[in-house]
Amino acid sequence: MSFEEISHTADVKIHARAPTLEELFAETLKALMQVMYGTTSQGEIKREIRIESGDIESLLIDFLSEVLFISEVESLVFSEASLRINGLSLIAELKGEPFDPARHSGGSEVKGISYSGLAITHDANGYMLDIIFDV
Amino acid sequence: MLEGINRIGVNEWEVPVGYTPGMRVPGRFFLSESLCRTLEPGAVQQLANVATLPGILKNALAMPDIHWGYGFPIGGVAAFSVDEGVISPGGVGFDINCGVRLISTPLLHKDVAGRRDLIDELFSSVPTGVGAKSAQKVSLQSLDGMMVKGAQWAVNAGYGLERDLVRCEEGGFMKDADVRAISGKAKQRGIPQGGTLGSGNHFLEVQVVQEIFDPNTAKAFGLTLGQICCMIHCGSRGLGHQVCTDHLKTLEGATKKYRITIPDRQLACAPITSPEGIAYFGAMAASANFAWANRQIITHATRQVLAKMFRIDYEEMPLIYDVAHNVAKMEEHAIGGMRVKVCIHRKGATRAFGPGSRDLPSDLTSIGQPVIIPGSMGTSSYVLLGTQHAMDITFGSTCHGAGRIMSRTQAKKKLSGREITQNLLRKGIIVRAHRENAIADEAPEVYKPSDEVVNVVHDLGISKIVARLSPLGVIKG
């Protein structure tokens, strides 16, 4: 499992790969938190997210948009997610900690998750995607 | 130049119909020979994609700060027929009414030069950066007021002067705002963020009027040589971001419902007159108004700091003008000799209305609209004048800034925040930010030279240079 930031002029483009779809979603969540807060957090505060969407790309975007919302309004920084994906619905359990300006000010606010160029694909080694976060 | 692009003028280029399947009109962009080196194929493809949308009129346009975004390219402008056209959040962006305003002061360069305490005080008075919360306690009722009346709400609430409003595009609020189209989630995000600057490329900068190119217009705008001004660049914060997210989802469904073929899902759209299109427009207008209220509150905080620190009168700091960069609006334009109502999208572009336009304040009707173009950190910003030529060829639009040429990833690898801060300090520019990355991300080197971009719009005649301002201090998110 891994993610890396790849060059994009205006925004942040992430390439992520993982053996399973669930892990790919979890990895993309970590990338989102890394971009926003510049650090991986720890913590035991839990939040559950349930999403249903029309296709797999929308499922990912709706999931990450919901994380953005919860993170902002509850001032939480998430470190990991365990997910169950069943067709086009998911249940995610997130773990995180309260936002601490001293440790979590190293990133840049993500304004939204873009559909542009988003495609989730898979090969013999697992799943991968490129995704653009608007910063 | 990229293959398939035609040169049609000194700084004008055409993307012909057929460049990408389904184009209804040509694309047209404006770049000097030297800026062509910075053009990305992805940005041209995005411009061609815009040209495929139903009801697009004349040309899909891009200003000289064109770069690769999502949906529309940044610097993109397109007008759509109200009867046959569509509205798309991809032509506005997540940060609805991200915009910029300029306030003048009676202070001179010598009054503020080297005054780190001024930058420190502004930094502590205006909440900035990730996770920053508003100093104001905004009630749900006040939030509705901000979304309906924008800067007018803020002025009524004591955050400014009545005369500020005539110096805002749209008088500081769009009348089509519909708060019923705003989700509870968007409101939840908006409440703690009124009067916050945000992060990324948002900033508050103390500047000096360094050079005046058009003395008569500068005088009419209220600018004099050597004068200190403050520039504020921010948008609709989490509220606008959530509105874009929410309505993209609705419009995805609408795209299928109305059988519209789009080449990029971020261009999800609906007919302007459809219930989905009307709802998005109402929500977008409400978010735009929130952004105007936001910039007005930050203006108030800035004036208070300056008034206290330099013992000057709050009323001696008039607003020069406030422009939106990311917005869709209903405007009337001349097409084929007729006045036609269109839905114009500007994404990373600035309205630049020429003389005689109805929306201008009465004292500027015969002159034209002030256009505020922020430079990157450490480089010049400009005040320009809207022109008739812009009305003729760009639906009254011009560039919005310098335009990025280096990604954030490259910037972080190549540049250290500390080094940049020291280099800027040597030039007399004081920078305050919560983190070093914020400085590296937005270093002068990551943008096209603002002078070159502004020269292109000036030479084209879609706006004319009035004054150049140099930075003295900047606070960033």
Side-chain angles (χ1 to χ4, degrees), chain A residues 4-15 33-39 51-55 57-59 61-62 64-77 98-119 131-135, chain B residues 38 40 42-43 46 67-71 73-74 90 93-95 98 129-133 185 188-189 191-193 198-202 235 237-238 240-242 244-246 248-249 252-253 256 264-268 348 403-410 412 434-438 441 446 477:
Chain A
E4 60 175 326
E5 197 176 324
I6 47 182
S7 215
H8 185 277
T9 322
D11 296 305
V12 171
K13 188 170 186 178
I14 298 291
H15 176 74
M33 291 292 114
Q34 177 77 43
V35 170
M36 285 190 74
Y37 301 111
T39 177
I51 309 272
E52 255 187 75
S53 298
D55 56 68
E57 281 83 14
S58 297
L59 190 67
I61 285 191
D62 294 346
L64 295 175
S65 298
E66 188 64 17
V67 172
L68 269 186
F69 170 73
I70 297 173
S71 177
E72 186 176 301
V73 297
E74 296 194 38
S75 293
L76 292 174
V77 179
F99 172 78
D100 171 4
R103 287 186 298 121
H104 299 134
S105 293
S108 194
E109 205 164 57
V110 171
K111 296 173 184 169
I113 317 293
S114 167
Y115 274 105
S116 278
L118 171 64
I131 192 164
I132 294 172
F133 302 151
D134 178 11
V135 293
Chain B
T38 65
E40 306 137 306
Q46 287 179 330
H67 60 282
W68 187 26
Y70 50 84
I74 294 157
F94 283 99
D95 198 359
C98 176
V130 178
K133 298 270 191 283
K185 278 182 168 177
Q188 247 182 295
R189 291 178 73 172
I191 281 179
Q193 293 186 336
S199 68
N201 60 357
H202 295 162
R237 313 287 293 107
H241 310 165
Q242 189 69 41
C244 182
T245 300
D246 293 342
L248 257 179
K249 204 162 171 58
E252 268 254 305
K256 290 183 192 121
D264 172 358
R265 287 180 76 176
Q266 199 68 29
L267 289 175
R404 285 187 81 97
I405 44 172
M406 193 192 289
S407 73
R408 288 172 168 81
T409 344
Q410 285 171 295
K412 277 177 217 153
H434 284 294
R435 59 191 181 93
E436 284 204 352
N437 275 355
D441 280 3
V446 310

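Computed from heavy atoms alone, side chains included, the values below leave out hydrogens, waters and symmetry copies. Note on naming: letters A, B, ... go to the chains in the order of the sequence lines (proteins, then strands), and numbering restarts at 1 for each one.
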### Query
Checking B:S199 side chain against A:E109 main chain: does a donor-acceptor pair fall under 3.5 Å?
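The answer is yes, because a donor-acceptor pair under 3.5 Å joins these two groups.
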### Task
Please confirm whether the backbone N or O of B:G69 pairs with a side-chain atom of B:Q46, one donor and one acceptor, at under 3.5 Å?
yes
So which part of [X] gets closer than 4.5 Å to some heavy atom of chain B, the side chain, the backbone, both or neither?
X      : answer
A:D55  : side chain
A:I113 : backbone
A:I61  : neither
A:S75  : side chain

### Residue list, salt bridge (Lys or Arg N to Asp or Glu O under 4.0 Å) with A:E5, at least two apart or on another chain
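Applying salt bridge (Lys or Arg N to Asp or Glu O under 4.0 Å) to A:E5 gives none.
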#### Entry: Option in A:S58, A:G117, A:G107, A:S105 with maximal non-hydrogen atom pairs under 4.5 Å from chain B
A:G107
### Task
Tell me, out of A:V12, A:D62, A:L68, who's got the most heavy-atom pairs with chain B below 4.5 Å.
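Going by pairs under 4.5 Å, I would pick A:D62.
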#### Entry: A:D134 versus A:S114, side-chain donor and acceptor atoms under 3.5 Å
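Distance-only check fails for A:S114 and A:D134.
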### Query
Is it the case that B:T245 and B:Q242 place a side-chain donor and acceptor less than 3.5 Å from each other?
no
### Segment of B:I74 engaging chain A (4.5 angstrom heavy-atom cut-off)
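Contact with chain A: side chain only.
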### Message
According to ring-ring contact (aromatic ring centres under 6.0 Å, His included), who are the partners of B:H67, at least two apart in sequence or on a separate chain?
### Response
none
